[in-house]
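Single-structure report; data block below.
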Amino acid sequence: MDFTLLATSYNLDLGSIGQGQRTERYLSDLETCFYDLSSYQQHLLHANPLVYTVSSIEPGQGDGDLHYGLGVLYPGKIGDEYFMTKGHYHAWRPAAEVYIGLRGQGMMLLEQEHSDQVELLPLGAGNIVYVPGHTAHRTMNTGSEPLMYIGVYPAKAGHDYQSLAKTNFRHKVVERDGKPTLIKRS
Ligand code: S6P
Ligand code: ZN
């Protein structure tokens, strides 16, 4: 256990948290995510913006330990599809997660692995989303300022991106009449 990580603080104006390990994802890292490939490639010809960062705090690695991370997801769109995270299952499938919205406006897409159950839930300042185990989850920024949230999850959860690499979720979330709309992929 790293006792120096028992207390930390976050700064939403800086989008930073304590001594968190920061991961950066640029548009070019998300090539399997956006359905409108020509808009995606067009965008990349002009710029490769930072889409999101995650800064994680990992005090312990035991079976009962928790990790948490501050996510900062920037606003933007590719065609009619919002800037989003890659999305993942937890490698240890039973691991659930709690997302606490701190600033901005967004949504979470949840898809259960072994059923057709799908949820599109608000995640912004004032919202909390519980992600059950065995559930793929992805976050979208549907607003015009950075979306900031904290996710708390079992230390042994891990990430499984591979299982989603082909299907890229069963649904996409696009803007229709100014609103986030869930559409089943054909
Ligand atoms: C970890 C948790 C979040 C995500 C973050 C980025 O279990 O769900 O910290 O890592 O939202 O998403 P992704 O799909 O790139 O890991
Ligand atoms: Zn997760």
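Note that ligands are numbered from 1 as they come in the structure, with each ligand's atoms numbered from 1 the same way. FYI, the numbering just counts along the sequence from 1.
Counted within 6.0 Å of OH on Tyr10, heavy atoms from surrounding residues, nucleotides or ligands total 12 or fewer; the atom is thus considered open.
Not a single N/O/S atom of His159, whether from backbone or side chain, sits less than 2.8 Å from the Zn ion (ligand 2).
Of all N/O/S atoms in Glu97, OE1 sits nearest the Zn ion (ligand 2).
Computed with the Zn ion (ligand 2) at the centre, the His90 NE2 to His137 NE2 angle is 100°, stated to 10 degrees.
Closest of all the heavy-atom pairs between Phe169 and Lys86 is CE1-O, 3.9 Å. Residues Tyr40 and Phe34 approach most closely at CD1-CD1, 3.8 Å, considering heavy atoms. The heavy-atom pair separating Pro122 from Met107 by the smallest distance is CA-SD, 3.7 Å.
If you look at His90 and His137, their ring centroids are closer than 6.0 Å. Aromatic ring centres of His159 and Tyr161: separated by under 6.0 Å.
Panel note: side chain Thr181, backbone Lys179; a donor-acceptor pair is recorded below 3.5 Å.
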Under a 3.5 Å threshold, I'd like every N/O contact between ligand 1 and protein atoms, with atom names and distance.
{"from": "ligand 1", "atom 1": "7 (O)", "to": "His88", "atom 2": "NE2", "distance (Å)": "3.3"}
{"from": "ligand 1", "atom 1": "7 (O)", "to": "His90", "atom 2": "NE2", "distance (Å)": "3.1"}
{"from": "ligand 1", "atom 1": "7 (O)", "to": "Glu97", "atom 2": "OE1", "distance (Å)": "3.0"}
{"from": "ligand 1", "atom 1": "7 (O)", "to": "Glu97", "atom 2": "OE2", "distance (Å)": "3.4"}
{"from": "ligand 1", "atom 1": "8 (O)", "to": "His88", "atom 2": "NE2", "distance (Å)": "3.2"}
{"from": "ligand 1", "atom 1": "8 (O)", "to": "Glu97", "atom 2": "OE1", "distance (Å)": "2.9"}
{"from": "ligand 1", "atom 1": "8 (O)", "to": "Glu97", "atom 2": "OE2", "distance (Å)": "2.9"}
{"from": "ligand 1", "atom 1": "8 (O)", "to": "Tyr99", "atom 2": "OH", "distance (Å)": "2.5"}
{"from": "ligand 1", "atom 1": "8 (O)", "to": "His137", "atom 2": "NE2", "distance (Å)": "3.4"}
{"from": "ligand 1", "atom 1": "10 (O)", "to": "His159", "atom 2": "NE2", "distance (Å)": "3.3"}
{"from": "ligand 1", "atom 1": "11 (O)", "to": "Tyr149", "atom 2": "OH", "distance (Å)": "2.6"}
{"from": "ligand 1", "atom 1": "14 (O)", "to": "Gly87", "atom 2": "N", "distance (Å)": "2.8"}
{"from": "ligand 1", "atom 1": "14 (O)", "to": "His88", "atom 2": "ND1", "distance (Å)": "2.9"}
{"from": "ligand 1", "atom 1": "15 (O)", "to": "Tyr52", "atom 2": "OH", "distance (Å)": "2.5"}
{"from": "ligand 1", "atom 1": "16 (O)", "to": "His88", "atom 2": "ND1", "distance (Å)": "3.3"}
{"from": "ligand 1", "atom 1": "16 (O)", "to": "Tyr161", "atom 2": "OH", "distance (Å)": "2.6"}

